[in-house]
Peer 1: 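One structure, pasted below without further comment.
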Amino acid sequence: MKKRSSARVGDNKGFFERVYEVTKLVPYGRITSYGAIARYLGVEGSARMVGWALNSSHTANGYIPAHRVVNRNGILTGKHHFGNSSTMQQLLENENFTVIDDRVVEFRERFWDPSVEL
DNA sequence: CTTGTGACTTTGT
DNA sequence: TACAAAGCCACAA
């Protein structure tokens, strides 16, 4: 019989922890999208979960470069969650990124796909 | 077990 | 090009 409640069986580690791991693996000067991470985790249809997990990234053990994770259009959708709206953009610019109107211009060139790179 | 929510993505009008 | 709606899965209460 199947118990389709909150209880998971195959996954010992929480989904959040996986997102943290992948996000921390993003190299300096690179950028990725929620969908790419979700796809790598096997939940392509649930890109929202990646962003939601990063929402709790501050509770994770260690620093999570969440500023390197943007939506598929390269837009800083979660900039508001960095404390200040300009924090995420500032971090990206600090890594030689070009952010115009909350969008990363070099998104396509510096896109890093975990399902491809790893 | 049911309901609500969310830093997304895709498709249609 | 712009807006709206549906789909999707995990987690908390």
Side-chain angles (χ1 to χ4, degrees):
Chain A
M1 67 198 224
K2 292 194 239 181
K3 210 180 202 199
R4 60 275 269 203
S5 55
S6 319
R8 274 176 290 77
V9 183
D11 267 318
N12 293 335
K13 294 192 171 187
F15 176 82
F16 285 22
E17 187 173 344
R18 288 193 184 180
V19 177
Y20 305 149
E21 290 291 311
V22 177
T23 305
K24 285 193 278 190
L25 290 174
V26 178
Y28 179 89
R30 296 288 188 187
I31 194 169
T32 186
S33 66
Y34 303 99
I37 296 174
R39 183 179 175 211
Y40 176 73
L41 297 177
V43 287
E44 182 179 2
S46 303
R48 309 173 130 185
M49 311 286 58
V50 178
W52 194 25
L54 290 177
N55 186 10
S56 299
S57 63
H58 63 92
T59 63
N61 198 357
Y63 171 67
I64 309 294
H67 61 277
R68 296 181 187 150
V69 184
V70 295
N71 72 349
R72 136 181 228 320
N73 293 323
I75 299 177
L76 285 57
T77 48
K79 67 174 186 177
H80 230 328
H81 289 261
F82 283 79
N84 291 332
S85 307
S86 57
T87 303
M88 187 174 186
Q89 179 173 339
Q90 194 65 56
L91 289 169
L92 289 170
E93 289 179 344
N94 189 25
E95 295 192 4
N96 245 7
F97 283 107
T98 305
V99 180
I100 297 177
D101 192 15
D102 297 336
R103 176 171 147 222
V104 180
V105 179
E106 305 293 330
F107 173 68
R108 284 196 173 185
E109 297 179 30
R110 303 196 182 266
F111 181 72
W112 182 82
D113 189 344
S115 62
V116 174
E117 302 291 337
L118 300 181

Peer 1: CG of A/N84 versus P of B/dA7: gap in Å, rounded?
Peer 2: 17 Å

Peer 1: Grab the two heavy atoms, one from A/L54 and one from A/S57, that are nearest each other, plus how far apart they are.
Peer 2: O-OG, 2.6 Å

Peer 1: Nearest whole angstrom, please: distance from the P of B/dA7 to the OH of A/Y20.
Peer 2: 14 Å

Peer 1: What is the distance, rounded to the nearest whole Å, between atom CG of A/L41 and atom C1' of C/dC11?
Peer 2: 15 Å

Peer 1: Using atom CD1 of A/I31 as one end and atom P of B/dA7 as the other, report the distance to the nearest whole Å.
Peer 2: 18 Å

Peer 1: If I take atom NE2 in residue A/H67 and atom P in nucleotide B/dA7, what distance separates them, rounded to the nearest angstrom?
Peer 2: 19 Å

Peer 1: Does NE2 belonging to A/H58 count more than 12 external heavy atoms closer than 6.0 Å?
Peer 2: yes

Peer 1: Please compare A/S33 and A/W52 by the position of their nearest nucleotide in DNA chain B and report the one closer to 5'.
Peer 2: A/W52

Peer 1: Check the distance between B/dA7's P and A/I37's CD1 and give it to me in whole angstrom.
Peer 2: 15 Å

Peer 1: Round to a whole Å and report the spacing from OH of A/Y34 to P of C/dC8.
Peer 2: 22 Å

Peer 1: Starting at CZ of A/R39 and ending at P of C/dG7, how long is that distance when rounded to a whole Å?
Peer 2: 23 Å

Peer 1: Base, sugar-phosphate, or nothing: which does A/N71 touch, judged by heavy atoms less than 4.0 Å apart?
Peer 2: sugar-phosphate

Peer 1: Using the side-chain heavy atoms of A/R72, tell me which of these nucleotides is nearest: B/dT10, C/dC11, B/dA7.
Peer 2: B/dT10

Peer 1: Among A/D113, A/V43, A/V50, which one satisfies side chain to side chain contact (heavy atoms under 4.5 Å, CB included) with A/I37?
Peer 2: A/V50

Peer 1: Work out which heavy atom in A/Q89 is nearest to a heavy atom in A/D102; give both atom names and the distance.
Peer 2: OE1-OD1, 3.9 Å

Peer 1: Between B/dA7 and C/dA13, how far apart are the C1' atoms? Round to whole Å, please.
Peer 2: 22 Å

Peer 1: Which part of the nucleic acid, if any, lies within reach of A/A38 when heavy atoms closer than 4.0 Å are counted: base, sugar-phosphate only, or nothing?
Peer 2: nothing

